[in-house]
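Note sheet for the following structure.
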Amino acid sequence: MAFSQTLIDTRWQVVEIPQEKSKKMTNIEKNNLYIHFGKNDAVSFNFDVNGCGGTYKIDENKKTIAIGKEITCTQACCDKIGIPYVSVTSYKRKKNKL
């Protein structure tokens with residue numbers, strides 16, 4: 001079964017993200033940020049207060065997931081994580097981690 005099929009209706013915790021203009025990783029595990037991959041290439045995630053949604057595309061050969069540039073987020077209040085994390089648009093899967 002292709003990875004894209006196993007991803008549908010799953011929820012993953014984001015534990016680290018790359019720093020802007022660097023290959024260094026920033027650990028954000030304590031922030032409890034989770035991404036949900038749904039049907040029809042839908043993706044959603046929530047910060048402390050605000051929620052975001054959009055689409056994703058999987059490249060099975062490169063084992064990457066690209067989050068669409070048309071992500072929309074509510075802006076009800078300030079989040080501890082911060083909206084700049086929304087600019088992360090691609091993710092890699094390494095064994096059982098995303």
Side-chain angles (χ1 to χ4, degrees):
M1 181 181 293
F3 174 61
S4 58
Q5 295 299 312
T6 63
L7 196 61
I8 296 172
D9 285 332
T10 62
R11 184 175 167 246
W12 296 72
Q13 182 177 11
V14 179
V15 295
E16 58 184 17
I17 62 169
Q19 294 177 9
E20 197 171 339
K21 300 178 184 178
S22 170
K23 291 188 177 189
K24 291 183 178 181
M25 301 299 281
T26 299
N27 186 303
I28 62 165
E29 188 170 3
K30 66 180 180 197
N31 294 338
N32 293 316
L33 175 60
Y34 290 88
I35 297 178
H36 177 262
F37 295 95
K39 296 176 182 164
N40 302 317
D41 301 329
V43 64
S44 63
F45 49 98
N46 292 332
F47 295 107
D48 301 322
V49 176
N50 297 294
C52 302
T55 59
Y56 68 94
K57 183 177 180 181
I58 294 177
D59 184 325
E60 296 281 353
N61 294 325
K62 293 181 182 178
K63 297 188 188 297
T64 59
I65 302 167
I67 304 297
K69 293 183 180 182
E70 299 299 320
I71 295 290
T72 56
C73 298
T74 60
Q75 294 184 355
C77 189
C78 304
D79 291 300
K80 291 178 188 174
I81 295 174
I83 298 300
Y85 290 123
V86 176
S87 65
V88 177
T89 57
S90 100
Y91 302 82
K92 290 186 179 181
R93 180 181 182 210
K94 292 182 182 178
K95 296 186 180 181
N96 67 338
K97 291 186 178 182
L98 188 62

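We use all heavy atoms of the structure for the numbers below, so side chains are in, but hydrogens, waters and symmetry mates are not.
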Euclidean distance, [Y] [atom2] relative to [X] [atom1], rounded to 0.5 Å:
X: Ile8; Y: Asn40; atom1: CD1; atom2: CG; result: 8.0 Å
X: Ile67; Y: Lys57; atom1: CD1; atom2: NZ; result: 13.0 Å
X: Ile35; Y: Arg11; atom1: CD1; atom2: CZ; result: 11.0 Å

Worksheet item: Taking all non-hydrogen atoms of both residues, which atom of Ala42 and which atom of Tyr56 are closest, and how far apart?
Response: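 Nearest pair, atom of Ala42 first, then Tyr56: O-CE2, 3.2 Å.
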
Worksheet entry | Shortest non-hydrogen contact from Ile71 toward Gly54 |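 So the minimum-distance heavy-atom pair works out to CD1-CA, 3.8 Å.
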
Item to complete: Output all residues satisfying side chain to side chain contact (heavy atoms under 4.5 Å, CB included) with Asp59, sequence neighbours left out; order by chain, then residue number.
Response: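 Once residues adjacent in sequence are excluded, the partners of Asp59 under the side chain to side chain contact (heavy atoms under 4.5 Å, CB included) criterion are Asn61, Lys62, Thr64.
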
Discussion item. Using the side chain to side chain contact (heavy atoms under 4.5 Å, CB included) criterion, which residues pair with Thr10? Sequence neighbours excluded.
Written reply: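 Partners of Thr10 under the side chain to side chain contact (heavy atoms under 4.5 Å, CB included) test: Leu7, Trp12, Phe37.
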
Fill in: Worked check of side-chain contact (heavy atoms from CB on, under 4.5 Å) between His36 and Asp9
CA-CA 7 Å; His36 177 262; Asp9 285 332; 3.9 Å; yes

Worksheet entry | Step-by-step side-chain contact (heavy atoms from CB on, under 4.5 Å) determination, Tyr34 to Asn46 | CA-CA 7 Å; Tyr34 290 88; Asn46 292 332; over 6 Å; no

Discussion item. Main chain of Gly51, side chain of Thr74: is a donor-acceptor contact present, judged purely on distance under 3.5 Å?
Written reply: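 Checking the backbone N and O of Gly51 against the side chain of Thr74, a donor-acceptor pair under 3.5 Å is found.
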
